[in-house]
Amino acid sequence: MTPVTDTLARLADTVRDDVGVLAAHVLAEIDAGLPDLGRDPRSRELLVGTIEGSLEGALAVLAGGGDPDDAPVPPAATEFARRLAQQGVPVTVVLRAYRLGQAAFQRVLISRVEAAGLGAADVAAAVGELSTVAFGYVDRISEAMVAVHEAERDGWVRRRDTARLAMVDAVLAGRGGAAAEVERVLGHPVTGEHLAAVFWSDAADPGRTLERAVVVVGDALGCGRAPLVVAPDGATLWAWYPGAPDPTAVAAPDLGEVFVALGTPEHGLDGFRRSHRRARQAQAVATAAAPADRRPVTTAAALGPLVLLGGDVELLASWVQEVLGDLALDDEAHERLRDTVDAYLRSGGSLAGAATELHLHRNSVQYRLRRAEEVRGLPLTQGRVDVEVALLACRMLGRVVLRGPG
């Protein structure tokens, strides 16, 4: 045993005789740095046990000159990591607690070294070795606690998400019990306003991208509170944003390879179900479009009567082509004519309104409207409602309802 190691061993033995005082000091330092850690009685008990066990372990390494990598993990530390994971406390807090404890421990030992009557060189060497041992021990215990925390957190999240999905399925099926029980399981209010959303992706591994899209849409909606999110499968997320945000506020955010369908703001448990159904209807319309024409965001409010036309896209396409005639041809020239007619009808038959939207002269709009009537073979006023619905289908679904050249 080297002189420095012998000095540290003797100091460690003296500290071990009064480890309770050191443990109280370390606990006070952790309380000051992390005042919310271990507030409930069981967590407090485990925190104290973790500190005492860790100090005993570190002092044993110093006293015996052992390898920190061989030090056993205190049982209380393992249980404390599990409990923090179950409470949703981030693993970074666990690491912060150990760093605070390490700093307090080293300060006490360094003061003992300085009071031992050593020469300056021996003091420096002893402090250096103390730091090496302390960092090695804390790294060893921290790695073990992180592994326990992550494993428990993953398992707990899976169990929680499974329970949430089961409750969501029950609520959507008209079951689930009273609102209070639903809220207890979901951890989310269901008695207020909600806006449901469906996120999906065809990417190979969309997990992180889907989660990011939920956040991006929430920011666009101006939601200050986190939504309820469940995953019915690996490529889909269902979300309910609290409050009554305006779905039209989500214009065209960058969602990567993710698509989103938004319902309508609704109230209470019935509204929870109704908004979701409308989001699913919007999703059905969006997925009916050709992939190249699919919009990143589809809102139920924008679908109008399309939600009543069912899922038979082939039948819908036949009806659109019958209503629009050659105006339903899939090329750029006829697309311009459709856009002009669409803008004109949506502006209430105003040439000025359509010209402003399309950034055209009134005369150009008027010319295109005459040309559209020629191509259709009928006046636009004939079956006007049908024309508006057919143009809406073209706008939402693109080429799947259009007629290709020839």
Side-chain angles (χ1 to χ4, degrees), residues 153-154 157-158 160-162 164-169 171-172 186-188 193-266 271-304 306-307 311 313 392-401:
R153 181 67 179 166
D154 290 346
V157 167
R158 283 194 297 272
R160 181 204 63 187
D161 288 350
T162 299
R164 280 182 171 181
L165 181 58
M167 178 57 80
V168 165
D169 284 339
V171 170
L172 295 178
L186 296 182
H188 183 84
E193 301 285 335
H194 334 269
L195 174 66
V198 177
F199 295 82
W200 73 98
S201 175
D202 297 327
D205 185 16
R208 297 267 183 209
T209 311
L210 285 167
E211 292 170 5
R212 174 185 169 275
V214 173
V215 175
V216 170
V217 169
D219 290 343
L221 291 168
C223 289
R225 290 180 291 163
L228 167 67
V229 182
V230 296
D233 58 59
T236 309
L237 290 180
W238 294 343
W240 284 262
Y241 293 96
D246 180 8
T248 61
V250 186
D254 178 15
L255 301 180
E257 298 180 85
V258 175
F259 300 93
V260 58
L262 297 170
T264 50
E266 303 286 348
F272 186 92
R273 288 185 280 266
R274 189 161 50 247
S275 186
H276 178 71
R277 283 201 301 270
R278 289 178 175 168
R280 294 291 298 274
Q281 286 177 317
Q283 181 192 22
V285 173
T287 54
D293 297 328
R294 195 170 294 165
R295 295 162 170 245
V297 179
T298 304
T299 62
L303 298 181
L306 286 186
V307 298
V313 178
L392 173 62
C394 295
R395 191 165 72 246
M396 299 300 297
L397 300 176
R399 65 196 60 185
V400 298
V401 295

Considering only distance and modelled atom types, tabulate donor-acceptor pairs under 3.5 Å from the side chains of residues 227-235, sequence neighbours left out.
{"residue": "D233", "atom": "OD1", "partner": "A235", "partner atom": "N", "Å": "2.8"}
{"residue": "D233", "atom": "OD1", "partner": "T236", "partner atom": "N", "Å": "2.9"}
{"residue": "D233", "atom": "OD1", "partner": "T236", "partner atom": "OG1", "Å": "2.9"}
{"residue": "D233", "atom": "OD2", "partner": "T236", "partner atom": "OG1", "Å": "3.2"}

Next item on the list: Check whether any side-chain heavy atom of F259 sits under 4.5 Å from a side-chain heavy atom of T298, and report yes or no.
Entry: no
Margin query: Measuring only between side-chain heavy atoms, which start at C-beta, is H188 closer than 4.5 Å to P242?
Written below: yes
Check: So which heavy atom on A302 is nearest to which on L392, and how close?
Finding: O-CD1, 3.5 Å
Notebook entry, point to check: Between S201 and E257, what is the shortest heavy-atom contact and its length?
Noted result: OG-O, 3.0 Å
Note to self: Between V258 and P206, is there a side-chain heavy-atom distance shorter than 4.5 Å?
What the structure shows: no
What donor-acceptor contacts under 3.5 angstrom involve side-chain atoms of residues 394-401, with partners at least two apart or in another chain?
{"residue": "R395", "atom": "NH1", "partner": "D342", "partner atom": "OD1", "Å": "3.0"}
{"residue": "R395", "atom": "NH1", "partner": "D342", "partner atom": "OD2", "Å": "2.6"}
{"residue": "R399", "atom": "NE", "partner": "D293", "partner atom": "OD2", "Å": "3.0"}

Margin query: List the residues meeting side chain to side chain donor-acceptor pair (under 3.5 Å) with T264, not counting sequence neighbours, and say none if there are none.
Written below: E266, R278
Notebook entry, point to check: Side chain of R273, backbone of V171: donor and acceptor closer than 3.5 Å?
Noted result: yes
Next item on the list: Taking all heavy atoms of L221 and all of P247, pick out the closest pair and write down the distance.
Entry: CD2-CA, 4.1 Å
Checklist line | P265 backbone acceptor or donor facing Y241 side chain under 3.5 Å | finding: no
Next item on the list: Name all residues meeting the side-chain contact (heavy atoms from CB on, under 4.5 Å) criterion together with A166; count only those two or more places apart in sequence or in a different chain, and write none if there are none.
Entry: none
Checklist line | Which residues share a ring-ring contact (aromatic ring centres under 6.0 Å, His included) with F272, sequence neighbours left out | finding: H194, W240
Next item on the list: Could you grab the distance from atom OG1 of T209 to atom CD of E211, nearest 0.5 Å is fine?
Entry: 9.0 Å
Checklist line | side-chain contact (heavy atoms from CB on, under 4.5 Å) partners of Q283, counting only residues at least two apart | finding: V198, W200, A261, R280, T287
